[in-house]
Amino acid sequence: MEWVIAVSAVGSMREAIHPGHLVIPDQFIDRTRQRVSTFFEDITVHVTFADPVCGVLAQALYQAASDTGATAHFGGTYLCIEGPQFSTRAESRLYRQWGVDIIGMTNMPEARLAREAELCYATLALATDYDCWHASAADVDIGAILAMLQRNVQLAQEIITRTVPHLQGARTCPCSTALQAAIITDRAMMPAAVQERLGLLIDRYLT
């Protein structure tokens with residue numbers, strides 16, 4: 001596996017992203033607190049994460065979404081909160097001031113772990129509601145979210161089906177070599193058990 005497409009239900013933080021629209025974000029803000037966010041707890045590894053989404057995969061997703069006739073927005077910032085509770089109204093208004101475009105409870109630390117594993121990662125986000133900031137829309141409700149998701153399941157499947165044929169051949173994006181200059185700990189200092197546990201990820205850079 002080299003490509004990861006995440007399908008995520010999100011709240012819209014912008015008027016222009018209506019419930020039912022699709023978003024392919026290119027940035028994340030991580031507000032999670034209790035999730036393991038790295039494979040490398042025993043050695044020092046610093047991967048570049050300035051652009052957390054694979055540009056090649058994101059563009060293929062956007063093209064596939066556009067080809068279905070759906071309204072899709074390319075780019076934008078996904079704010080990932082811990083959950084499982086939804087935001088307070090004050091939090092929702094604050095996040096809008098940060099300039100985020102969508103809000104959800106998944107994708108982080110997924111995107112971080114995918115980069116550490118040198119996987120290409122992108123998100124197909126399905127806007128289901130306006131969170132609780134919108135004055136004229138109902139507050140976010142799990143029933144409404146599930147109903148909107150159900151309507152979009154077939155669309156998401158079609159988009160993924162259209163995307164896959166564009167993901168052929170050798171990868172040339174930076175995701176595929178994210179660890180190349182990121183491993184700081186000298187191999188001689190790595191315990192054998194750690195090398196074995198992380199072998200799938202780091203072996204090719206330690207030989």
Side-chain angles (χ1 to χ4, degrees), residues 1-32 35 37 47-81 83 95 98-131 145-179:
M1 181 180 70
E2 296 180 331
W3 309 89
V4 179
I5 299 174
V7 179
S8 180
V10 299
S12 169
M13 304 300 280
R14 290 205 294 118
E15 186 80 46
I17 301 175
H18 297 199
H21 285 191
L22 308 175
V23 183
I24 293 85
D26 60 356
Q27 285 294 325
F28 293 103
I29 294 177
D30 189 355
R31 292 283 292 172
T32 64
R35 308 176 189 182
S37 60
V47 296
T48 298
F49 202 55
D51 296 306
V53 169
C54 176
V56 174
L57 181 54
Q59 186 61 53
L61 264 180
Y62 176 67
Q63 185 61 57
S66 299
D67 289 346
T68 68
T71 301
H73 304 264
F74 185 76
T77 299
Y78 181 129
L79 172 66
C80 187
I81 61 174
Y95 298 151
W98 290 359
V100 304
D101 299 279
I102 52 179
I103 185 170
M105 299 177 191
T106 58
N107 285 221
M108 296 298 287
E110 286 181 8
R112 293 186 189 279
L113 296 172
R115 182 58 52 83
E116 287 189 345
E118 298 188 328
L119 301 174
C120 294
Y121 185 94
T123 295
L124 175 63
L126 312 174
T128 58
D129 55 82
Y130 278 119
D131 203 50
I145 289 175
L146 293 176
M148 181 67 75
L149 274 179
Q150 187 62 38
R151 290 197 293 272
N152 281 332
V153 165
Q154 186 173 353
L155 176 60
Q157 291 173 337
E158 181 181 354
I159 291 170
I160 292 172
T161 299
R162 288 173 177 265
T163 301
V164 170
H166 297 284
L167 309 178
Q168 307 298 326
R171 294 182 299 162
T172 58
C173 56
C175 314
S176 63
T177 54
L179 292 176

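Applying the side-chain contact (heavy atoms from CB on, under 4.5 Å) test to V164 and every residue at least two apart in sequence or in another chain returns I160, Q168. In this structure S8 satisfies the side-chain hydrogen bond (donor to acceptor under 3.5 Å, both in side chains) test together with Y78, T106, sequence neighbours excluded. Every salt bridge (charged side-chain N to carboxylate O under 4.0 Å, His left out) that E118 has, sequence neighbours left out, goes to R204. Remark: Q157 engages no residue in a side-chain hydrogen bond (donor to acceptor under 3.5 Å, both in side chains) (not counting sequence neighbours). When the salt bridge (charged side-chain N to carboxylate O under 4.0 Å, His left out) test is applied to R31, no partner is found at least two apart in sequence or on another chain. Under the salt bridge (charged side-chain N to carboxylate O under 4.0 Å, His left out) criterion, D26 pairs with no residue, sequence neighbours left out. When the ring pair (Phe, Tyr, Trp, His ring centres under 6.0 Å) test is applied to H21, the partners found at least two apart in sequence or on another chain are H18, H73. With sequence neighbours left out, the side-chain hydrogen bond (donor to acceptor under 3.5 Å, both in side chains) criterion links S12 to no other residue. Residues passing the ring pair (Phe, Tyr, Trp, His ring centres under 6.0 Å) test with H166: none are found, sequence neighbours excluded.
Residues I102 and L79 have side chains not in contact (no heavy-atom distance under 4.5 Å, counting atoms from C-beta outward). Using a 4.5 Å cut-off on side-chain heavy atoms (C-beta onward), V10 and I103 make no contact. Two residues are said to be in side-chain contact when any heavy atoms from C-beta on lie closer than 4.5 Å; P19 and Y130 meet this criterion. With a 4.5 Å cut-off on side-chain heavy atoms, L22 and T71 do not count as touching. Between D101 and V23 the shortest side-chain heavy-atom distance does not fall below 4.5 Å. Contact annotation: the side chain of V7 approaches that of L126 to within less than 4.5 Å [non-hydrogen atoms, C-beta and beyond]. In this structure, W3 and C120 have side chains that are in contact, with non-hydrogen atoms separated by less than 4.5 Å.
Closest non-hydrogen pair, R35 versus M108, comes out as NH1-O, 2.7 Å.
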Using atom types as modelled, flag every donor-acceptor pair under 3.5 Å from a side chain in residues 55-67 to any protein atom, sequence neighbours excluded.
from	atom 1	to	atom 2	distance (Å)
Q63	NE2	D67	OD1	2.9
S66	OG	Y62	O	2.9

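Residue pairs meeting the salt bridge (Lys or Arg N to Asp or Glu O under 4.0 Å) criterion with at least one member in residues 104-116, sequence neighbours excluded, are D30-R112. Applying the salt bridge (Lys or Arg N to Asp or Glu O under 4.0 Å) test to every pair with at least one member in residues 165-177, sequence neighbours left out, gives these pairs: E2-R171.
Panel note: side chain T123, backbone I24; no donor-acceptor pair is recorded below 3.5 Å. Of the possible donor and acceptor atoms, one in the side chain of T68 sits under 3.5 Å from a partner among the backbone N and O of A70.
Rounded to the nearest 0.5 angstrom, E158 CD and T163 OG1 are separated by 10.0 Å. Considering SG of C80 and CZ of F28, their distance stands at 8.0 Å, rounded to 0.5 Å.
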message: Using side-chain contact (heavy atoms from CB on, under 4.5 Å), reason through Y121 and N107 one step at a time and then give a plain yes or no.
response: CA-CA 10 Å; Y121 185 94; N107 285 221; 3.4 Å; yes
